[in-house]
> 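Got a structure for you, questions after.
Count residues from 1 along the sequence.
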Amino acid sequence: MKILSLSKNINTLFFFVVIFSLSHLFLFCKKESETNQDLLKIISLNLYARSCAGQNAFPSNGAVGSLIRYQIAPSLTNSQITTFNAPHQVFPPQTGITQKNKLSVFYPGTDSTPCEINAILQQGATRGYHVIGLSYPNGEAVNTICNQGSARNDASCFEMVRREIVTGESVSPYVAVDSGNAIEGRLLSLLLYLNQNYPGQGWDQYVSGGSILWSSVYVGGHSQGSGHAAYQGKIRTVGRVSIYSGVSDYSLQTASTPSWFGLSQQAPAGSYYGLIHENDSIANLSGNMNQVTDVWLSPLGMVGALTNVNVGSPYGNSKRLVTTSCNGMGTLAMHSCPMFNGFQNVWNYVSYP
């Protein structure tokens, strides 16, 4: 049986409590000379949390600087969708920029909404991509689902949970996601909606005969979302996979990573790129801070030395990037750090070449 997520109000309240706690951590635990940049990040997070709470409750369309943004409730695209209805965030390419004719789809992490990752979405649109931040069933972390109850002894749990959330195939007893509510079903419904309501913007180039043209699609995600993107690269011919603060699947019962990491890859060779905070203890569930980056190297085949983004682009041409920004800001902040403003050049390298 699927474990139900908390209500929207409780989630919002919890988010504010976390931000409030982080703010006090900075004020009382850091030297004054070290706080200025960090406090600006915390203030921005406070303002953004308030903004997203309002936007998710009352979505609207309009200009965001030089970009156009559509906030589209999933239920508007498919009447069968009744849960996880926070609006998709949609950006056509910025006017006047050479269009890439590529669709970038980004999946937020557990219990997050696309609004909370707007910065990286907007960056893609300024680079000439069609961009979608997708709202999907993400109320429970995959590591939580597969490390409790009978799932702990099910070696296939991680792969089957991800397969059901991504495709809607009824393959896991631990989640209940049908095809219309799954990531790929929601994306198809959204693209068909965009084709119908915003003709001439180029959304039609990503769908043919009621199917998504995966070779023209780049997928990426943060935390739980990064795992779904990585899994899609195993089963779909997506053009690129960008991984932020993941993939973290790890069995505490067997002290091992799941076998799906070693599945043959349908995405092109060399198309996986990643960024993680070097001290991300949420993604590195085992306690080994190299857990995730070792998986990146093998079996995911993300070559190159671990490279701190401080060295600047092209980052030694490595596909395995780390950051030390947000050090001292707490566990949650370090996990979320790759989504903070200030990583635009890194995002260009990882997600938007």
Side-chain angles (χ1 to χ4, degrees), residues 55-56 59-64 66-108 113-115 117-118 120-137 165-168 177-221 225 228-229 232-233 235-242 266-267 351-352:
Q55 290 181 50
N56 288 338
S60 63
N61 304 327
V64 180
S66 59
L67 302 174
I68 297 297
R69 178 179 63 192
Y70 307 122
Q71 297 180 319
I72 302 169
S75 57
L76 287 179
T77 71
N78 183 341
S79 61
Q80 294 181 338
I81 298 175
T82 58
T83 59
F84 297 97
N85 202 39
H88 303 305
Q89 305 281 317
V90 179
F91 294 88
Q94 179 176 327
T95 302
I97 300 295
T98 301
Q99 293 195 17
K100 300 283 189 177
N101 295 316
K102 296 289 185 182
L103 171 64
S104 174
V105 185
F106 203 92
Y107 312 126
T113 68
C115 179
I117 53 168
N118 250 246
I120 192 170
L121 303 179
Q122 292 178 33
Q123 182 65 16
T126 68
R127 297 276 289 174
Y129 289 83
H130 290 80
V131 180
I132 291 172
L134 198 80
S135 182
Y136 70 97
I165 293 172
V166 169
T167 69
V177 183
D178 61 29
S179 59
N181 278 283
I183 283 174
E184 294 182 350
R186 286 175 176 235
L187 178 58
L188 178 60
S189 293
L190 177 59
L191 287 171
L192 295 175
Y193 177 94
L194 291 168
N195 289 343
Q196 181 177 355
N197 289 275
Y198 303 103
Q201 288 189 348
W203 302 104
D204 58 315
Q205 65 189 300
Y206 307 117
V207 178
S208 178
S211 298
I212 298 169
L213 298 175
W214 290 112
S215 61
S216 296
V217 180
Y218 291 178
V219 294
H228 297 322
Q232 276 187 302
I235 65 171
R236 304 290 182 235
T237 56
V238 296
R240 194 178 189 90
V241 176
S242 56
Q266 299 303 305
S351 298
Y352 307 122

> For the residue pair Gln232 and His228, establish whether any side-chain heavy-atom pair is separated by less than 4.5 Å.
no
> Is there side-chain contact between Ile132 and Leu194, with heavy atoms separated by less than 4.5 Å?
yes
> Return the OG to CD1 distance between Ser60 and Ile72, rounded to the nearest 0.5 Å.
11.5 Å
> Which heavy atom of Asn56 sits nearest a heavy atom of Cys115, and at what distance?
OD1-CB, 3.8 Å
> Go through the structure and list residues passing ring pair (Phe, Tyr, Trp, His ring centres under 6.0 Å) with Tyr70, not counting sequence neighbours.
Tyr198
> Applying ring pair (Phe, Tyr, Trp, His ring centres under 6.0 Å), can you list everything that pairs with Tyr129, at least two apart in sequence or on another chain?
Tyr218, Tyr352
> Just jot down the side-chain hydrogen bond (donor to acceptor under 3.5 Å, both in side chains) partners of Ser215, sequence neighbours excluded, or say none.
none
> Not counting sequence neighbours, which residues clear side-chain hydrogen bond (donor to acceptor under 3.5 Å, both in side chains) with Asn101? List them please.
none
> Could you tell me the separation between the OG1 atom of Thr77 and the CG atom of Leu192, rounded to the nearest 0.5 Å?
9.0 Å
> Are the side chain of His88 and the backbone of Ser135 linked by a donor-acceptor contact shorter than 3.5 Å?
yes
> Return the minimal non-hydrogen interatomic distance between Ala229 and Gly221, and the atom names on each side.
CB-N, 4.2 Å
> Compare all side-chain heavy atoms of Ile183 with those of Ile165 and state whether any distance is below 4.5 angstrom.
yes
> Minimum heavy-atom separation for Asn197 and Pro199, please, with both atom names.
C-CD, 3.3 Å
> Apply side-chain contact (heavy atoms from CB on, under 4.5 Å) to the pair Val131 and Phe106, showing each step before the final yes or no.
CA-CA 8 Å; Val131 180; Phe106 203 92; 5.9 Å; no
> Could you pull out all residues at least two apart from Asp178 that satisfy side-chain hydrogen bond (donor to acceptor under 3.5 Å, both in side chains)?
Asn181
> Tell me, please, which residues at least two apart from Ser179 pass side chain to side chain contact (heavy atoms under 4.5 Å, CB included).
none
> To the nearest 0.5 angstrom, please state how far the CD1 atom of Ile81 sits from the CZ atom of Arg186.
4.5 Å
> Under the side-chain hydrogen bond (donor to acceptor under 3.5 Å, both in side chains) rule, collect the residues that match up with Ser242, sequence neighbours excluded.
Ser351
> Okay, side chain of Asp204, backbone of Asn195: is any donor-acceptor separation there less than 3.5 Å?
no
> To check you understand the geometry: which heavy-atom pair defines the closest contact between Asn78 and Ser189, and what is its length?
ND2-OG, 3.7 Å
> Do you know which two heavy atoms are closest between Ile68 and Ala63, and how far apart they sit?
CD1-CA, 4.2 Å
> Please report the interatomic distance OG(Ser208) to CG(Leu213), rounded to the nearest 0.5 Å.
5.5 Å
> Which pairs pass salt bridge (Lys or Arg N to Asp or Glu O under 4.0 Å) with one or both residues in residues 77-93, sequence neighbours excluded?
none
> Once side chain to side chain contact (heavy atoms under 4.5 Å, CB included) is applied, do any residues pair with Ile212, and if so which ones, sequence neighbours excluded?
Leu187, Leu188, Leu191, Trp214, Val217
> Side chains of Asn118 and Gln89: closer than 4.5 Å at any heavy-atom pair?
yes
> Over all heavy atoms of both residues, which pair between Asn85 and Ser75 is shortest? Give the atoms and the distance, please.
OD1-N, 2.8 Å
> For Gln266, enumerate each residue passing the side chain to side chain contact (heavy atoms under 4.5 Å, CB included) test, keeping only those at least two apart in sequence or located in another chain.
Thr237, Ser264
> For Trp203, enumerate each residue passing the ring pair (Phe, Tyr, Trp, His ring centres under 6.0 Å) test, keeping only those at least two apart in sequence or located in another chain.
His130
> Could you work out, with salt bridge (Lys or Arg N to Asp or Glu O under 4.0 Å) as the rule, every residue matching Arg236, not counting sequence neighbours?
Glu184
> Please check: side-chain N/O of Tyr136 versus main-chain N/O of Phe84, any donor-acceptor pairing under 3.5 Å?
no
> Just how far is it from atom CD of Gln205 to atom CD of Gln99, taken to the nearest 0.5 Å?
7.0 Å
